[in-house]
Number of protein chains: 2
Amino acid sequence: MNSKSLIIDIATTLFQQKGYIGVGLNEILKACNLSKGSFYHHFPNGKEALLIACLQSMEEAIMTDIEGIFERYPTTEEATNAMISKLIVNFETEGTITGYTFSSIVSEMASLSDPVRNACAQLYQKMQDIYSNKLVEDGLSQDTANSIALMMTASIEGGMMLCLTQNATAPLSVIAKNLSYILKEF
Amino acid sequence: MNSKSLIIDIATTLFQQKGYIGVGLNEILKACNLSKGSFYHHFPNGKEALLIACLQSMEEAIMTDIEGIFERYPTTEEATNAMISKLIVNFETEGTITGYTFSSIVSEMASLSDPVRNACAQLYQKMQDIYSNKLVEDGLSQDTANSIALMMTASIEGGMMLCLTQNATAPLSVIAKNLSYILKEF
DNA sequence: ATTAATAAACAGACCAGTCGGTATGGAGGG
DNA sequence: CCCTCCATACCGACTGGTCTGTTTATTAAT
């Protein structure tokens, strides 16, 4: 793997775990076994440019993943359960949350950098669109689908936050149960 | 107001806006017109002790606020709508989110400091308890009440995150509408 | 030989936290 | 009434270290 991709890959994980401000360039580069010079060769615009590259990389990874799940299952309800189960397994094995979330980045950077804020907004929107499209397939109206898709995005994101604070996976399980209930309603 | 309370008050706002790592002691003290010496007189255990004091102060403020709303309205559904409306007005006037949320603190510190993580967990739990108690009053079983209360906490927290990224209040409105719907079901 | 890629040393700003010293105000003894 | 004593509150220069970003020099590949 070339150095640039390596930097993005490792930085993505670290940013997700510790947030943007919480990770220094030195830490990233040490994990990559690369030097400052190499970094600034590939990212002449510095750390924030790296963050945006990481967000784009996350977008690809998350989209592929979620799209896969949502194609594999016939209904939104089943796909949602599968997705949350995957998050729970991930949390149990990794100890931290490494997939689907970037809340630390949002809360740190949303008010500081518009480019970063927009990149995050786009990522949430794309996830929501997948949910929404599947809900329309399920037979819901576009408006209802959008509304429920937003509820899904928000509650899953909030659920991960609760898991983090409690250091447990129970909150996400409860969210899955509740979303199932809601999705069966329609 | 005494210096210690002043420090806590100002630091609480700054931590909510920019996160824990994002705010330096110098910035806090400059805003208070106080010196390093004064700070370490009142907080000999440093910045993290200040953060925990801020979380406790937030707990008091949020509890008073939410309890007030939940006493004033007869049903959980009405109280929830009033609470979210207040969050929306707050977001519109302040430009950022200053009340009820501390997601940046959670995502930064949950994996770094157990005392901070526990303080955050307690805060979420107390909010959830208010919702849950009211739901039991409404006639729900304890289990169902707990489950829905968690869903409320998570979706509101996630909704604020979406508002931050979109720089708009629409997501919280949609969350309110969805929660209303769910709460009417039972 | 030229150019991309990397390394290493460095600069300057900022960080949390420390330390010696100063001002204030109340208690108690003369 | 005055003076000493002492705890509390406060000040701001300073320390050791980390941060992002720059510069210069060297290596590897074409």
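Lettering follows sequence order; numbering is per chain, from 1. Not measured: the values here are computed from a predicted model.
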For A:H41 and for B:F39, locate the closest nucleotide of DNA chain C by heavy-atom distance; then report the residue assigned to the nucleotide nearer the 5' terminus.
A:H41
If you only use heavy atoms from C-beta on, which nucleotide in [options] is closest to the side chain of [X]?
| X | options | value |
| --- | --- | --- |
| B:L34 | D:dT22, D:dC11, D:dT8 | D:dC11 |
| B:L25 | D:dC11, C:dT6, C:dA16 | C:dA16 |
| A:H42 | C:dA9, C:dA5, D:dT8 | C:dA5 |
| B:Y40 | C:dA8, C:dA16, D:dC10 | C:dA16 |
| A:K36 | D:dC10, C:dA7, D:dT22 | D:dT22 |

Rounded to the nearest angstrom, tell me the gap between atom [atom1] in [X] and atom [atom2] in [N].
| X | N | atom1 | atom2 | answer |
| --- | --- | --- | --- | --- |
| A:L29 | C:dA8 | CG | C1' | 13 Å |
| B:K30 | C:dC15 | NZ | P | 11 Å |
| B:L14 | C:dC15 | CG | P | 12 Å |
| B:I7 | C:dA16 | CD1 | C1' | 15 Å |
| B:F43 | D:dC10 | CZ | P | 12 Å |
| B:N33 | D:dA9 | CG | C1' | 16 Å |
| B:I21 | C:dC14 | CD1 | P | 18 Å |
| A:L50 | D:dG21 | CG | C1' | 14 Å |

Quick test of your reading of the model: are A:D129 and A:K126 salt-bridged, counting only N-O distances below 4.0 Å?
no
The residue among B:I62, B:I66, B:I69 that forms side-chain contact (heavy atoms from CB on, under 4.5 Å) with B:I130 is B:I66
Quick check: closest heavy atoms across B:A31 and B:I10, and the distance to 0.1 Å?
O-CD1, 3.5 Å
Between B:K4 and A:K47, just flag the one whose closest nucleotide in DNA chain D comes earlier from the 5' side.
B:K4
For A:G37 and for A:G24, locate the closest nucleotide of DNA chain D by heavy-atom distance; then report the residue assigned to the nucleotide nearer the 5' terminus.
A:G24
Can you find a side-chain donor-acceptor pair between A:S132 and A:N146 that sits under 3.5 Å?
yes
Could you tell me whether the phosphate oxygens of C:dT6, OP1 or OP2, come under 4.0 Å of any side-chain nitrogen or oxygen in A:S3?
yes
Have a look at A:G46 and say if it touches a base, only the backbone sugar-phosphate, or nothing, with a 4.0 Å heavy-atom cut-off.
sugar-phosphate
Hey, does A:N26 reach any base, or is it just sugar-phosphate, or nothing, if we go heavy atoms under 4.0 Å?
base
Just checking A:Y20 against A:F102, ring centres under 6.0 Å apart?
no
